[in-house]
Protein chains: 2
Amino acid sequence: MTVSRVLNGKKGVRPETRKRVLKAIEETGYIPNSLARSFTLQKTKTIGLVIADITNPFFTTLARGVENIAAKNQFSVIFCSTDEDREKEALYLEILVRKRVDGIILAPATQKGDSLKSILIKRIPIVLVDRELKSPKNLDLDIVKGDSVYGAYILTKHLLSLGHRRIGIVVGSREISTAEERVQGYKEALIEMGIPVEESLIKFSSYSEEGGYTATKELLQMRERPTAIFGGNNFITVGAITAIKEAELRIPHDVALVSFGDIDFLSQIYPFFTVVTQPAYSMGVIAAELLIRKIEGRDKVKEKREVVLKPELVIRESAGELLTKEVRAKEFCSA
Amino acid sequence: MTVSRVLNGKKGVRPETRKRVLKAIEETGYIPNSLARSFTLQKTKTIGLVIADITNPFFTTLARGVENIAAKNQFSVIFCSTDEDREKEALYLEILVRKRVDGIILAPATQKGDSLKSILIKRIPIVLVDRELKSPKNLDLDIVKGDSVYGAYILTKHLLSLGHRRIGIVVGSREISTAEERVQGYKEALIEMGIPVEESLIKFSSYSEEGGYTATKELLQMRERPTAIFGGNNFITVGAITAIKEAELRIPHDVALVSFGDIDFLSQIYPFFTVVTQPAYSMGVIAAELLIRKIEGRDKVKEKREVVLKPELVIRESAGELLTKEVRAKEFCSA
DNA sequence: GGTATAATTGTTACCGGTAACATAAAAAGC
DNA sequence: GCTTTTTATGTTACCGGTAACAATTATACC
C-alpha cells in the first residue's frame, strides 16, 4: 500500500498524498508492526549479545559499547546472561536463532562451541568477544579480545621485578580461554626469569567472588605461603581480598595482590590496586561494528578477523611500593 | 501442520508420528521461527526494560532480577539505556511498541509521561520501577519503588544525630521523582529538628559523577561550608568524593559524606561509607512478577498497585564515628 | 486534442506459523 | 463386516508488512 511507501520514504508518492497518509497515521495512532516487517524482510535489525553476567562491570561496559554502536545503526540489542553455564548459553543461543536475530556477539562460557551448530547452519553472522573457542576445529569465527597472555605476562613480570618469587594465581575455569591464556602469560614470565613453575600455585577456579575467595584461602594455607597473589579477574580479586582479610594478613606487607581487570569504583575512589586493565568499551564498539558490517555484507574479507587489544599495566600500591602506599593510604583514610 | 502440534506438545498425535516428526526436525536442522509465531499469536514472550544506564550497578542488579524472573517464565528481555534523555526514552518506547513486546518495565527519565501515549493506546501492560510519574494525571500505573522520602529522612536524621547542622544535599534532576522525594525526606528531618531549610544547600544536579562533582564543588566553595554532604545516589557520591579530595578535605574530619544507594565493590572491600541501601534485585523481581501477571491476565486487581520497599540505613564511618573509623582505616590500609 | 510517456496508486502473492475446520484413518461397538 | 465413534492428520485462512507487477492518472509532446 501507499502507506508503506510513505513510511519507508520511497520515491513516487505525491506530496499531497504523503500528507494525507501522515495525517491518517496521526489520527488513528497507527504504529507499524516490526514483527510483520521483519518477517517479510527476513531481517530483524536486532543483534543478540550473550555474555556471562550483566552484573559484571567489565561486561556492562562492553555492552554499553555494543549498544551505542547498535543504536547508531538502528539495531536493537537483546542481552543474555549465561552465568558461565553452557546449558543456559545453549538455550539463549537457540532463542536468539528462533528470534532470527541478524547477528550475535558471544562471550562463550566454554571453549567448546557445540551450541553454535544451529547458528552456523542458519549462517547467522557471529563475532566472539573476550574469549576464544577451541572446537570445533577450523571454525574461524571473528573475534575481538584482549591479549590475556601479554597482560598476565607484564603483570607477573611486575611482581617479579618487585622481588616476588612465589606467586599464586587464581583464574576462572579451564573451560574459558582467558583463564588458560592468563596462566600461560604467568608461566612465560616465570620461565623467562628461570623460576620453576609450581603447579600447586596455579588455581583454576571460577570467575566469581566465591571462586576467588576459596582458591585464595587454599593458597594462603600452603605450608610455604605465596608472597603475592594474582587475581584472574575483578571478581576473583574481590574474593581474594576477603580471604586475605580473613587470614588477618596485610596487603602488601604480608602478601601482595594484583588483578587482571580493574576494580571499578574502588580504583576510582582509592587507586590502591595494581592492575592490568582492558578496554572493555572499545571491545564492545569494535565487535558491534564488525558484526554490523558482516550483517550488511560490507565485510568482504573471507578470513577470520582477529582483533587483539593490548591491556595496560597500571601500577598502584597493592604490589608493594611501600612508601608511596603509606602516604596514599593515610590520605584516603581521612580523605 | 502436524509439526506444530508436536512442537507445542499438543495432544492428538500418535507417538510414532511424533517420533518421525522429531527425527525429521533433527535431520533438517529445523528451528522454528518465533517471528512468525509471535506474529500470528499476537504475543512475543518478550518484555522491554527501559532504564537509565546499564552501567549503573543499581540498575544492573535490578535488571538481573527482571531477567531471572523473565527467564523462569520463558520471557526474553530487551534492555534499553536512556541516559536519562527523554528523547532517547521516547525512541526506545516507540521501538518496543513496534516490536510488540508483551509488556514494559520502565524507570522514567522524567516525571512527564507524554512518551507513553502510544503504549497506553496499544494497551501494553506497563510497570514503573524506581521512579514515579506525575503526569498525565490519573494515569495510575503500577509501580515498584523504594521509599526515597523515608530513606533520605533516616539518613539525614543520622547526620543530625551526629551533630551536623549544615548539611548539603546533591540529587539528580528535578525531573526525576526520586530526586524530589529525597530532598523532601531531607527537609522533613531538618524541620522535625527545628532547623531552617536553606535552599542554597540543596542542589538539583544529575545522577552522574559529573553532576556530583560539580555540585559538591559548589557546596564546598560556600562562605559557610556545610559540615556534611548527602550524595543523592551512588554516582553522585563518587563524584562528591573526587570534589572533596580535590579540595584537600578529609572525610569525615572536615566534611562528612553519606550516600543514598550503596557503592558497589568499594563497600564490600572497605565498608567505609555510611549509606542507605535499596533492594535493587528485589525491585526487579517484583516488577517482573507483577508485569508477567498482568500480561497473562492473572492480575484481577483494577486499582493501581504500589509496592514500596523500605531502604535500610547502614552506618559505617564516613559520617564521623571517629574512633572506629581510624581503627578500621588502619586495618584496610594494610589489610 | 490525442497519443506517448512518466509518475502515481492499487493488486497480488508471499514470509511461517496457528486456529478452526475438514477429512481420513483407527478403534469401538454390534 | 459394517457402521459409529474416536482419534489423527490435512487444508484453508489469516496475522501485517513489502516486492513485483498491473492499472490508473497526470504530464509531455507534437
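A, B, ... follow the sequence lines: proteins, then strands. Residue 1 opens every chain. Since the structure is predicted, the reported quantities are computational estimates derived from the model, not experimental observations.
Phosphate proximity of dT9(C) to R14(A): present, with a side-chain N or O under 4.0 Å from OP1 or OP2.
Residue R5(B) contributes atom CZ, which lies 12 Å from atom C1' of dA22(C) at whole-angstrom precision. Between the NZ atom of K19(A) and the P atom of dT8(C) there is a distance of 14 Å, given to the nearest Å. Here dT18(C) presents its P atom at 10 Å from CZ of R98(A), a figure rounded to the nearest Å. The NZ atom of K43(B) sits 11 Å away from the P atom of dT18(C) (whole-angstrom rounding). As rounded to whole Å, 15 Å separates atom P of dT9(D) from atom NZ of K11(B).
With hydrogens and angles ignored, the 3.5 Å screen pairs a side-chain donor or acceptor of R100(A) with a backbone N or O of V97(A). Proximity of a side-chain donor or acceptor of S135(B) to a complementary backbone N or O of K137(B) within less than 3.5 Å is not detected.
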For nucleotides 15-17 of chain D, print each protein N/O atom paired with a nucleotide N/O atom at under 3.5 Å, atom names and distance only.
| unit_1 | atom_1 | unit_2 | atom_2 | d |
| --- | --- | --- | --- | --- |
| dG17(D) | OP1 | Y30(A) | OH | 2.9 |
| dG17(D) | OP1 | N33(A) | N | 3.4 |
| dG17(D) | OP2 | Y30(A) | OH | 3.4 |
| dG17(D) | O5' | Y30(A) | OH | 3.4 |

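Between K304(A) and E132(A) there is a salt bridge, since at least one side-chain N of the basic residue sits less than 4.0 Å from a carboxylate O of the acidic one. Between E84(A) and R131(A), at least one side-chain N (NZ, or NE/NH1/NH2) sits under 4.0 Å from a carboxylate O, which counts as a salt bridge.
Residue pairs that meet the ring-ring contact (aromatic ring centres under 6.0 Å, His included) test with at least one member in residues 85-137 of chain B, sequence neighbours left out, do not exist here.
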Check your understanding: So D53(B) and S81(B), side-chain hydrogen bond (donor to acceptor under 3.5 Å, both in side chains) or not? Walk me through it.
Key -> CA-CA 5 Å; D53(B) 183 1; S81(B) 292; 4.9 Å; no
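Counting any heavy atom pair closer than 4.0 Å across all strands shown, K10(B) reaches sugar-phosphate atoms only and no base atom.
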